[in-house]
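Here's the structure, in structure tokens; my notes come after.
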Amino acid sequence: MPFVITKLTTEPIVITSWTLPFHRYGDNIRASNAHVARIAETTAGPVYRIINTTGDLSFSDIHLWLAEHTTNTPGSISDPRIHAIFVGGGPLVELLVKKARNRTGLPLPLYSSLDDAIAYARNELAQSSAVPV
């Protein structure tokens with residue numbers, strides 16, 4: 001399978017990882033968005049989607065990914081039910097996140113490790129479920 005989506009068992013957190021390059025796997029991005037959309041349909045509240053961008057991204061990958069994620073596609077980062085968090089490093093990952101921020105107006109945090117991204121998602125969940133005094 002050209003993508004792997006792992007949902008944390010008791011939390012509305014999903015981790016998306018892909019096999020690159022995208023152009024070799026056709027509907028890879030669309031299929032992963034559809035899978036995340038199905039998870040969001042059965043989840044109360046937001047789903048935190050951690051996007052694992054570790055790997056050798058190309059300019060082509062960035063273009064294909066942005067085309068699928070910035071057009072209000074269900075399950076994508078532009079879906080209001082989804083709160084996206086990126087994991088990765090390097091100039092092309094930074095370019096992808098910068099372009100995604102510019103096109104969506106979303107904050108889209110970027111972390112260098114999966115553990116940090118999961119901690120961020122858990123902190124956001126804890127803050128959103130806290131009852132104001």
Side-chain angles (χ1 to χ4, degrees):
M1 179 180 293
F3 65 90
V4 175
I5 295 179
T6 306
K7 181 177 180 310
L8 300 188
T9 307
T10 60
E11 299 166 292
I13 300 171
V14 296
I15 302 165
T16 307
S17 301
W18 304 290
T19 300
L20 299 171
F22 290 133
H23 69 272
R24 292 177 73 194
Y25 299 101
D27 294 329
N28 183 6
I29 303 166
R30 252 179 255 125
S32 70
N33 286 343
H35 188 92
V36 172
R38 286 191 296 276
I39 292 170
E41 289 169 5
T42 61
T43 303
V47 171
Y48 286 83
R49 181 177 187 171
I50 298 173
I51 302 161
N52 185 354
T53 57
T54 55
D56 293 327
L57 281 174
S58 69
F59 285 110
S60 174
D61 294 325
I62 291 170
H63 177 72
L64 292 169
W65 192 90
L66 287 169
E68 291 296 327
H69 275 273
T70 59
T71 56
N72 296 320
T73 303
S76 72
I77 66 167
S78 57
D79 181 332
R81 303 172 296 178
I82 308 302
H83 294 227
I85 306 161
F86 287 85
V87 173
L92 289 180
V93 171
E94 291 172 7
L95 177 65
L96 169 65
V97 175
K98 180 180 178 180
K99 294 285 188 183
R101 286 175 182 151
N102 288 341
R103 290 189 185 187
T104 64
L106 298 170
L108 303 173
L110 171 61
Y111 290 94
S112 58
S113 78
L114 184 58
D115 289 340
D116 288 344
I118 292 170
Y120 172 82
R122 287 179 172 153
N123 184 54
E124 291 293 303
L125 285 164
Q127 287 182 8
S128 67
S129 63
V131 177
V133 181

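Every value quoted in this text rests on a predicted model; they were computed, and no experiment measured them.
- Under a cut-off of 6.0 angstrom, the local environment of NZ in Lys7 is crowded, with over 12 non-hydrogen atoms contributed by other residues, nucleotides or ligands.
- Going from atom CG of Asn102 over to atom OG1 of Thr70 covers 11.0 Å, rounded to the nearest 0.5 Å.
- Of the candidates Tyr120, Tyr111, Trp65, Phe86 forms a ring-ring contact (aromatic ring centres under 6.0 Å, His included) with just one, namely Trp65.
- In this structure, Arg103 and Ile77 have side chains that are not in contact, with every pair of non-hydrogen atoms separated by 4.5 Å or more.
- No side-chain N or O of Asp79 forms a donor-acceptor pair with one of Ser76 less than 3.5 Å apart.
- Distance check: Leu92 CG to Ile62 CD1 gives 4.5 Å after rounding to the nearest 0.5 Å.
- Within the 4.5 Å cutoff, no side-chain heavy atoms of Ile13 are placed close to those of Glu124.
- Here the side chains of Leu57 and Leu95 are not in contact, with every heavy-atom distance at 4.5 Å or above.
- Note: His69 NE2 to Leu64 CG = 11.0 Å, rounded to the nearest 0.5 Å.
- Put simply, CD on Glu94 and NZ on Lys99 are 14.0 Å apart, with the number rounded to the nearest 0.5 Å.
- Within the 4.5 Å cutoff, the side chain of Ile39 has heavy atoms near those of the Ile5 side chain.
- Using a 4.5 Å heavy-atom cutoff, the side chains of Val87 and Ile15 are not in contact.
- Between Asp61 atom CG and Thr53 atom OG1 the span is 11.0 Å, to the nearest 0.5 Å.
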